[in-house]
Novice: 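One structure, pasted below without further comment.
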Amino acid sequence: MKKKKTSTLLLFFIVLVSGLLFACSNGNDNGDGSVELRFIAANHPWTEAIEPLLPEFEKETGIKVKFEKYFEDQLTQKLTTEFTAGSTSIDLFMMRPLQEGKLFNLNGWVADISSYTDDADWEYGDFTDPSVNSLKADDVLFGIPIVTEREILYYRKDIFEENNIEVPKTVEELMNVAKLLNDPANDFYGFVARGQSAAAVTQFSSFLYGFGGDFFVDGKATLDTPEAIEAFQFYGDMLREYGPPGVLNMSWPQAAGLFGQGKAAMYTDADSIYPNLTDPEKSVVGDKVGFTLFPAGPNGQTPYNVTSWGLAVNSKSENKDEAMEFIKWATSKEVVAKLQDNGVPGPRQSVWDNQQGTDTFPSELVDVINQANAIGREYDRPLVIKVNDARDIIGTVIVAAIQGEDVEAAAKAANKQFQELLDDEK
Amino acid sequence: MGMWIERHLKFIFLFPSIIFVLLMIAYPIGYTFYLSFFEWSMSSLQPPEWVFFDNFKALLFDDPRFWPAFFRTFYFTALALVFQTVLGVAIAILFNRKFRGNQLVKTLFLLPMVATPVAVGLVWLLIFEPSIGFANQFLNSLGINPQLWIASPEQALPSIALVDTWQWTPMITLITLAGLSSIPSEYYEAAAVDGANSWQNFWKVTFPLLLPTIFSAVLLRVIDAIKQFDLIYAMTRGGPGFSTETLNIYGFVNGFQYFKLGYTSAILVLFFMIVLGISSIIMILRKKTEVTL
């Protein structure tokens, strides 16, 4: 009797251990030979818009797609950890080309897919140049753009009309209008934008370019050039003098929220967040929002025009062809048109030129996007490997400027640190 | 086989927990120490490179963010702890008296402790909102100017310490209450015979006998407050600027945003030493205050 008990215990252990082992070794192949792709995606309107279309793809090709969704920071962590461990189970994934493209490419985590581009039906040439360039390194193509965005100026049409004010076309006019409309006593502010250190860097970039500055040129950090300092000073002054209290803690959700609550006259940020400002559920100023091109600086009009998300294939995936099959489908003209119809600004020029692809966008916004597509710069943050470090370094100058501290000293200190980072990466 | 299992049954039952401790506690700590001697960033394909004490040197002498984070950690801990201890002990002494609804108040008072720090942080984020938040409306009704709270680099850390105090004062109270109930009533009777007033009762009897308990409570809270992460991360992520970046947050940023694993390990090793040192000091102090009954 006693013996029986102990052998039951033993059996229990064996079952437990073998169960664990089996759980670790689930393959990608389904029993019937069809392929299931493991797709690591972001929580993003793009993902939400494509999921309902998925059955079409699965029916057409017989390939199954399994989604895993994460918020963007967790997504980066998830991918980095799995790739470092040499994971082969991820087949394709969403990524932010400007944030992690360089790192992923350098580490060899993304497959070169340039050999797939000659498919005539897919028409690779239709993607706008800036949108593809951020997913290229030399001759290697390591991703396909899916979401693009540009920095634009949002403004309150009703208030501009009431006060008989022209929409600002230069940064100088921007400051004058902000000054005029700023009314802190009544909790209304002339201007709002991101003030949270690292988050602000991307939205500051268009100002930086407009003043004639850049993050670095030919491997030399240029955060302390007179142009850059002027840009930092301007951005800081705008937010300190005419911005809301607490702007130092504002990334886009807070800034967009404030504008959506009718507490600011103007707001610069990415065009892709416009639904947050026009959706009556999130905003009380929905029909009063105006869109215009990002104002020109002393050095001209250069808003960023970037690929915020792309699709890439894991270089170690065993189902690369099937993964590409999915990417081609998801970035085909028809699907991009449908996604864009859901408010996801895509990378295809033909869709922007087409009535159907822009129907749901406010027509003013389509004009602005088309103009910005032509003049925009392809990056909104320094194109380095350690983007997060770099953003934190640059963010310190933005914070100093907003607080009214010595911008030049902060810029000099940041420039030194940034140069060290650049030297490290060589 | 059966006999063997029979004879070693006690080890077999212990086995899972030993494996757990080795795998989940001892190994990670050891590996962190080991890693702290390497330069290893995920942003390169190179394997970890042995650099001996370079990470520590860079941290202590070259890193503009390390020392501020170090002092912030202590500033935050001291701030939170002073208020929590004074308030916690005072409230415990109050609750120790008999009054109507005593049990109900005690239970209600413990509620903040049960809440998830991240949820607490998010709620206080709304309370601290400078233009529409409750905190400023409250100040307003008292005729005090609105404050920036966590949006100001100077006020951010004290504001978070305030939330920490709100959440964890009950824990000090709880432990102190347990300590109070363990003081034998004979001492008070003896004091009464000697004609002690209530003031003397407190300072000569209650307080000395309570001190070891208070030290235990403080020890637990010091360790918790020093490694406070959830609240800070949920409320400010170390901002505005770096003004709420404590050592723990700095470690997280280095590890999971910059992917500098060796460097992060060095931060955590130093952090580990600091916590160890402080706990030992408090333990020694506690031993000294212990009264043999």
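Scope of the values below: all heavy atoms of this structure, side chains included, with no hydrogens, waters or symmetry mates. So that the names make sense, note that chain A is the first sequence line, chain B the second, and so on, each numbered from 1.
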Novice: Check whether more than 12 heavy atoms from other residues, nucleotides or ligands sit under 6.0 Å from atom OH of B:Tyr233, and answer yes or no.
Specialist: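 Enclosed: over 12 neighbouring heavy atoms sit under 6.0 Å from OH of B:Tyr233.
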Novice: For B:Phe229, look at atom CZ and say whether over 12 heavy atoms of other residues, nucleotides or ligands are found less than 6.0 Å away.
Specialist: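 It does: B:Phe229 CZ has more than 12 such atoms within range.
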Novice: Compare every heavy atom of B:Ala151 with every heavy atom of A:Gly246, then report the nearest pair and how far apart it is.
Specialist: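 Scanning both residues completely, I find the closest heavy atoms to be CA-CB, 3.1 Å.
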Novice: Which heavy-atom pair separates B:Phe242 from A:Asp392 by the least distance, and what is that distance?
Specialist: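 Residues B:Phe242 and A:Asp392, closest heavy atoms: CZ-O, 3.9 Å.
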Novice: Distance from B:Asn254 atom CG to A:Asp389 atom CG, nearest 0.5 Å?
Specialist: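 CG of A:Asp389 is found 7.5 Å from CG of B:Asn254.
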Novice: Which distance, rounded to the nearest 0.5 Å, do you find between the CD of A:Gln403 and the CD of B:Glu154?
Specialist: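 Output value for this atom pair is 6.5 Å.
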Novice: Under a 4.5 Å heavy-atom cut-off, does chain B meet the side chain of A:Glu425, its backbone, both or neither?
Specialist: neither
Novice: How long is the gap from OG on A:Ser197 to CZ on B:Arg237, to the nearest 0.5 Å?
Specialist: 12.5 Å
Novice: Is the shortest heavy-atom distance from the side chain of A:Gln196 to the side chain of B:Pro240 under 4.5 Å?
Specialist: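 With C-beta onward as the side chain, the pair stays apart.
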Novice: Tell me, yes or no, whether the heavy-atom count around B:Phe15 atom CZ, taken from other residues, nucleotides or ligands under 6.0 Å, exceeds 12.
Specialist: no
Novice: Can you tell me which of A:Leu248, A:Val399, A:Asn249 forms the most heavy-atom pairs within a distance under 4.5 Å of chain B?
Specialist: A:Asn249
Novice: For A:Thr76 and B:Phe256, what are the C-alpha separation, side-chain angles and deciding distance, and is it a side chain to side chain contact (heavy atoms under 4.5 Å, CB included)?
Specialist: CA-CA 9 Å; A:Thr76 310; B:Phe256 293 101; over 6 Å; no
Novice: With a 4.5 angstrom heavy-atom cut-off, could you sort out which part of A:Gln417 is near chain B: side chain, backbone, both or neither?
Specialist: side chain
Novice: Backbone N or O of B:Tyr258 within a donor-acceptor pair of the A:Asn388 side chain at under 3.5 Å?
Specialist: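 Not a single qualifying donor-acceptor pair exists.
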